[in-house]
Amino acid sequence: MAGHHDHDHLHAHAPADFGRAFAIGTVLNVGFVLIEGAAGFLTDSVALLADAGHNLSDVLGLLVAWAAVELAKRPASKRFTYGLRSSSILAALTNSVLLLVAVGAIAWEAAGRFSDPPAIEGTTVMIVAAAGIVVNLSTALLFARGRKNDINIRGAYLHMAADAAVSAGVVIGGALILWTGSEWIDPAISLVIVAVILWSTWGLARESLTMVLQAVPDGIDADAVRTTLARLPGVARVHDLHIWPMSTTEAALTAHLVMPGGHPGDAFLRDLQHRLAHDFRIDHATVQIELGDGAECRMHGHAHG
C-alpha cells in the first residue's frame with residue numbers, strides 16, 4: 001500500500017494578487033465615509049449619515065477580504081498543515097453575511113420612511129451620492145477580473161457594486177423628488193435596491209456556505225473525476241474519493257485506487273497529478289494505491305463505494 005503527494009503541483013491557478021486593489025479601495029472608501037459623514041452633519045441629512053454608515057460596512061468588507069488574501073499567503077505550519085488558505089472561504093461567507101445585514105438595515109430604514117418621509121435636501125444628497133457612485137464603481141472595477149475564479153474577490157466586488165447601485169438609487173431618488181416633490185420616492189427606490197442586492201448576494205452566500213461544509217467545489221464534476229480515475233490503465237476500482245475546497249481558488253482530492261497488477265510507479269502518479277490539475281483544477285491530490293481489494297472507508301457506507 002503506498003501513498004503519494006506530489007508537491008510540485010501546477011501553480012497555473014494561483015490566485016491573482018489583489019493587494020494593491022484592496023489598498024486603493026480601502027483608502028478611497030475611508031476618505032468617502034469621512035466626507036459623506038461631514039456632509040450629513042452639515043446638512044442634517046439622515047439619508048447621508050445612514051449611507052455613510054453603510055459605506056463604513058464596505059470598508060469592513062474590504063478589510064475582511066484583504067485579511068483573508070494575506071492569511072492565505074502564510075506558509076503551512078505544524079498545526080495548520082495546509083496553511084491558512086481556507087480563511088478566504090470564511091471571508092466570503094462573512095462578506096455575504098455583512099451584505100445581508102446591510103440589506104436588512106436599508107429595508108428597515110426604508111419601511112420607517114414610508115410612514116414619515118423626511119424632507120430631503122435633493123441637491124446636496126445628489127452631489128454626495130454621485131461621488132459615491134464614482135468611488136464604489138471604481139473600487140468594484142479593481143476586483144472585476146478576479147470575481148469569476150475566486151468567490152472571496154467576488155464578495156469584495158459585489159459589496160462595492162451593491163453600494164454603487166445604492167448611490168445610483170439615491171441620485172435618481174433625489175432627482176425625482178426635486179422634480180415631483182414626492183418624498184415617498186426615496187424609500188421606494190431603497191426597496192428596489194434591496195431586492196437587487198439580495199438577488200446578487202444569495203449566490204455568494206450559498207456558494208461560500210457549501211465551501212465551508214466542504215462540498216465539491218462548483219465547476220468540478222465529481223463523476224467525471226471518478227470516471228477519469230477508473231479508466232487509468234491497471235485500475236480495477238476506485239473508492240473513498242473525496243474532493244473538497246482548500247480555499248476559494250484551490251481544491252484537494254484523496255482517492256484509493258485498487259491496482260491488482262502492482263504499483264504503477266512514480267511517473268504514473270506524477271502524470272495523474274498534472275492531469276487532475278490541468279483538467280479539473282485540482283491542485284493537491286493524494287492517491288493511495290492498493291494491490292488487494294481495499295476495505296471501504298466507514299464514513300462512506302454505500303454512497304460512493
Problem - Under 3.5 Å: donor-acceptor pair, side chain of S96, backbone of L204 - result: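 No; zero donor-acceptor contacts below 3.5 Å.
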Exercise for the section: Check whether any side-chain N or O of T81 sits under 3.5 Å from a backbone N or O of K78 as a donor-acceptor pair, and report yes or no. Expected result: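 Looks like no, no N/O pair under 3.5 Å.
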Check [X] against [Y] and note the closest heavy-atom contact, atom names and distance.
X: A65; Y: N152; result: O-ND2, 3.2 Å
X: D283; Y: A277; result: OD1-CB, 4.2 Å
X: H284; Y: Q273; result: C-NE2, 4.2 Å
X: P260; Y: A236; result: CD-CB, 3.7 Å
X: N95; Y: A156; result: ND2-N, 3.9 Å
X: A107; Y: V194; result: N-CG2, 3.9 Å

Exercise for the section: List in chain and number order the residues that pass side chain to side chain donor-acceptor pair (under 3.5 Å) with S247, two or more places apart in sequence or in another chain; answer none if no residue qualifies. Expected result: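 Side chain to side chain donor-acceptor pair (under 3.5 Å) list for S247, sorted by chain: T249, E250.
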Exercise for the section: Tell me, please, which residues at least two apart from D163 pass side chain to side chain donor-acceptor pair (under 3.5 Å). Expected result: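 Per chain and number, D163 pairs via side chain to side chain donor-acceptor pair (under 3.5 Å) with H54.
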Exercise for the section: Report the residue from V134, V27, L62 that forms a side chain to side chain contact (heavy atoms under 4.5 Å, CB included) with T139. Expected result: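 One option only clears the test, and that one is L62.
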Are [Y] and [X] linked, directly or through intermediate hydrophobic residues, by side-chain heavy-atom contacts shorter than 4.5 Å (ILVMFWY only)?
X: W184; Y: V166; value: yes
X: I24; Y: V69; value: yes
X: F143; Y: L98; value: no
X: L63; Y: L84; value: no
X: W179; Y: I172; value: yes

Exercise for the section: Return the orientation label for the H256 and H239 ring planes: parallel under 30°, perpendicular over 60°, tilted otherwise. Expected result: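 Correct class here is tilted.
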Side-chain donor-acceptor pairs under 3.5 Å in residues 209-218, sequence neighbours left out?
from	atom 1	to	atom 2	distance (Å)
T210	OG1	R206	O	3.4
T210	OG1	E207	O	2.8

Would a 4.5 Å heavy-atom cut-off, applied to side chains only, mark [X] and [Y] as touching?
X: L99; Y: H159; answer: yes
X: N149; Y: R281; answer: yes
X: F22; Y: I153; answer: yes
X: F32; Y: V128; answer: yes
X: W66; Y: F18; answer: no
X: L241; Y: L253; answer: yes
X: V97; Y: T94; answer: no
X: M126; Y: L178; answer: yes

Can you tell me how far apart [atom1] ([X]) and [atom2] ([Y]) are? Round to the nearest 0.5 Å.
X: L142; Y: L28; atom1: CG; atom2: CG; result: 7.5 Å
X: D58; Y: T26; atom1: CG; atom2: OG1; result: 10.0 Å
X: Y157; Y: R145; atom1: OH; atom2: CZ; result: 13.5 Å
X: F280; Y: I243; atom1: CZ; atom2: CD1; result: 8.0 Å
X: L269; Y: T286; atom1: CG; atom2: OG1; result: 10.5 Å
X: N55; Y: I35; atom1: CG; atom2: CD1; result: 11.5 Å

Practice task
Run the numbers on F268 and L257 for side-chain contact (heavy atoms from CB on, under 4.5 Å), then give the verdict.
Solution key: CA-CA 12 Å; F268 170 92; L257 305 182; 4.2 Å; yes
Problem - L229/V235 under side-chain contact (heavy atoms from CB on, under 4.5 Å): CA gap, chis, key distance, verdict - result: CA-CA 8 Å; L229 295 174; V235 173; 5.9 Å; no
Practice task
Walk me through it: do D279 and T228 pass the test side-chain contact (heavy atoms from CB on, under 4.5 Å)?
Solution key: CA-CA 10 Å; D279 293 357; T228 298; 5.6 Å; no
Exercise for the section: Just do the side-chain contact (heavy atoms from CB on, under 4.5 Å) check on L232 and M259 with the steps written out, would you? Expected result: CA-CA 10 Å; L232 292 169; M259 304 184 76; 5.9 Å; no
